[in-house]
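Per chain, numbering begins at 1; letters A, B, ... match sequence-line order. Since the structure is predicted, the reported quantities are computational estimates derived from the model, not experimental observations.
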Amino acid sequence: MPKLIRIEDGQFVSADDPFTHVADDEGMPPGDVIISLTRFSAEGDALISQGRAVGVRIEPDEEVEALAYDLPKLAVVAVAFPKYRDGRGFSTSHLLRQRFGFKGEVRAVGEVLREEANFLTRCGCDSFETADGSSPEQWAHAANRHRHVYQRASDGRIPAFTERAES
Amino acid sequence: MYQYDTIDKEFLADRAAEFKQQVERRLAGEITEDQFKMLRLRNGLYLQLHAYMLRVAIPYGSLNATQLRKLADIGRRYDKGYGHFTTRTNLQFHWIKLREAPAILEELATVDLHAIQTSGNCIRNVTSDPYAGATAEEIDDPRVWSEAIRQWSMLHPEFSHLPRKFKFAVTAAPKDRTAARVHDIGLVVRRARDGTMGFEVIVGGGMGRTPYVGPTIKEFLPANRLFSYLDATLRVYNRHGRRDNAYKARIKILVAALGAEEFRRQVEEEWEKVGPGADMPDTEIARIRAAFSVKAFDTLVNRSEAFETAKAADPAFARFARNNLKPHKRPGYTIVEISLKGIGDTPGDATSDQMDAVADLGERYGQNDIRITHEQNLVLPHVKLDDAHAVFQGLAAAGLATPNINLISDIIACPGLDYCALANARAIPIAQDIAHRFADQDRAELVGELKIKISGCINACGHHHVGHIGILGVDKKGEEFYQLTLGGSGAEDAEVGKMLGPALPADRVTDAIDTIVEVYLRERADGERFLDTFRRTGVAPFKEAVYAEAH
Amino acid sequence: MKALTANRLDDGEVVFWNKGAWVERFADAELFADDATGEAAEGQGKSQPNTVIDVYLIDLIESEGLWAPLSFRERIRALGPLNHPTHGKQAEGGAAIEALRHAAGASRSTGRVNLIKRK
């Protein structure tokens, strides 16, 4: 089974990935799948009723709001970063966690690089299909380089202004 | 001034350590140049024509003497003994080696300086009023909000991969010294009738290929709701700004495409959802405010006998006082502007020795407070009139007493093709040539306030669009040509300059400026600045004179 | 006539190709009389992404009996910033530097597009 990096109990670990990414023009394999928003609109309910776990992949130009009603049914939302520079996925992850209270897995897919680990984690991604072959240790190192943060975010880290108020 | 606490200091140390590891990975070949480029840009490191350039952030243009001495020291040890102050109130070193950049950042961190987000598609260094805390005009200290924005924007989780760069200006005085209306977001502190503090929020101004004076998106945003409103604005931009074309990716293009009204509606709708939970706690704003309010001013009278005597005895000082000293809010104090536009010098350049000299004067006479202006000059904001002559003499000894603030030789120029990988033409020699032509200070004072701004390419780092006279270097079939615009302003009366006519070859530019000045002197009514005359007469008499001579 | 140029990764220095090595002086650059040789060198240069970055061929013209880059931008790269005559490669002076100073031609590089992406 393919591997990905996942946050479990606050630690970055290597985990089995039971999901298969299925493109719109591919046949539907058995088991847990991640499909596009378009395909989910057409086939999502049927797939879920078959008892499998279903995830949806959100592209940068797709509005996560379109998924709001269906989120409780989803195991995974895969946020796509086709280019690491394309930052729309950070807003998608943020909204999934903060506005829609999504508790399932938010997975970063695409050009997912170690040097972006800090931003991805802070915006609420908790699993990572890395594009640079990073080990969980390397990923954890990159994500945890900074002892302090200045903003509230989805990772729950205490921002500087709270640290100061409490000291 | 705001003092960095352990949190701020550890943040900078961690950031320097992170960049060191990233550089090591790049030099070891573990990451590609494409992947590394954004990492180095986020730390202000560009590849220019001759070497790497390191752009050091000077947050809201404010430094203490120790910091300025460190910059001087780095200039000596890692560069060629100088640095270049920019229109974003940053300092650029032009001769940096990639392998030495991590050591420089480590050294900068020891004096609470950094190069974080001085480039890249993220929130850049905030521009603020160089007279903050010193001018009687201001209704609040804009540095308080600038520092809060600095903290909020540092490695922002959601807004560090924007469609394009993002620049803030914050001012609290009716006279705008920040060019707030040509920033991505300009914040102007306002007070409501009931005394509540808030901001006029201007979004989508900018220069570059498509210049816009930004529309006001919110007339009055209560100050304690600033950060939720910024979250909403940046989120609308991050999600909907164009990413298919770098020249159309700034927020100004989104605002213009949607129209200010629709953009405002989208921001308000998002803001409603964001809610006050995203605002910075009042306690943190109060903590920052306290750091800026400590100033030990002596109780003095308005008139300084020492100052008056020195002016009477030393005409050079009298001239300096006329042009470079500005009114301070406290009796017996003055704001000293230090011109980095010596006649024939490179605009904005300061040698390490000059930086040391300013640091010494700032420490001795200026409450250890030194500012950078977006017009590429330095400011000592709190000098006693009694000490002004001593400061002048110190500056003169360092070659920094040029008495030309806001005059025709106080020219903004980008580094241009002498250094910059993006430039089409040189900017520096044009500035030098014009300054030489107007080296006669009597004539320069007769002409009065006249702001010339020169950019070596359409990206407009030299702010040519908002120059009273703007000069844009273009490439015409392989030759350097210069396009003149007139009537621009980056101040509270912001306006984009109007094209004068066909571009001129390099050797015709200074003559054209001379002609424009002569037309102004002929046409001006009593008390009119160049800009006032131009606004009254329009471009016609200037155009006629410049192009009549060309035939 | 063409030459191959780049910036060295670790210090950003402008360098020129000469028979498999990168040299700092334009006067030491290998000159390519035909496109095929130049393009072959360019291919080799680009295969060293951890030594140099921004590898490209530049056009040359004759100036004072020596070869100089056609574009003004490339002449500035081969000299240094003209506002500081003692900074950069031009500091050593001599006939080769003088020839570069006096050459005339285009201010822009040929074959370079979308410079906003370079940085």
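- Counting heavy atoms from C-beta outward, C:T86 and B:K80 have side chains that stay 4.5 Å or more apart.
- Counting only heavy atoms from C-beta outward, the side chains of B:R26 and C:L9 approach each other to under 4.5 Å.
- By number of non-hydrogen pairs under 4.5 angstrom with chain C, the leading residue of B:G416, B:P415, B:A51 is B:A51.
- Counting only distance, with no hydrogens or angles, the side chain of B:D418 and the backbone of C:L82 share a donor-acceptor pair below 3.5 Å.
- Heavy atoms only, all atoms of each residue included: B:L49 and C:V14 are closest at O-CG2, 3.0 Å.
- When side chains are defined from C-beta on, B:H50 counts as touching C:P81, because their heavy atoms get closer than 4.5 Å.
- B:Y52 contributes no side-chain N or O that, together with a main-chain N or O of C:E13, makes up a donor-acceptor pair within less than 3.5 Å.
- With a 4.5 angstrom heavy-atom cutoff, B:R426 touches chain C only via side-chain atoms.
- Ring pair B:Y82/C:H87: centre-to-centre distance below 6.0 Å.
- Put simply, CG on B:L27 and OG1 on C:T51 are 10.5 Å apart, with the number rounded to the nearest 0.5 Å.
- For the atom pair CD of B:Q432 and CG of C:N83, the computed distance is 6.0 Å after rounding to the nearest 0.5 Å.
- When side chains are defined from C-beta on, B:R99 counts as touching C:D11, because their heavy atoms get closer than 4.5 Å.
- Side-chain contact between C:H84 and B:Y419 is present, with at least one heavy-atom pair separated by less than 4.5 Å.
- Only the side chain of B:D349 comes within less than 4.5 Å of a heavy atom of chain C; its backbone N, CA, C and O stay farther away.
- For the atom pair CZ of C:R75 and CG of B:L417, the computed distance is 10.0 Å after rounding to the nearest 0.5 Å.
- Although no hydrogens or angles enter the test, the distance criterion places a donor-acceptor pair under 3.5 Å between the side chain of C:R73 and the main chain of B:A421.
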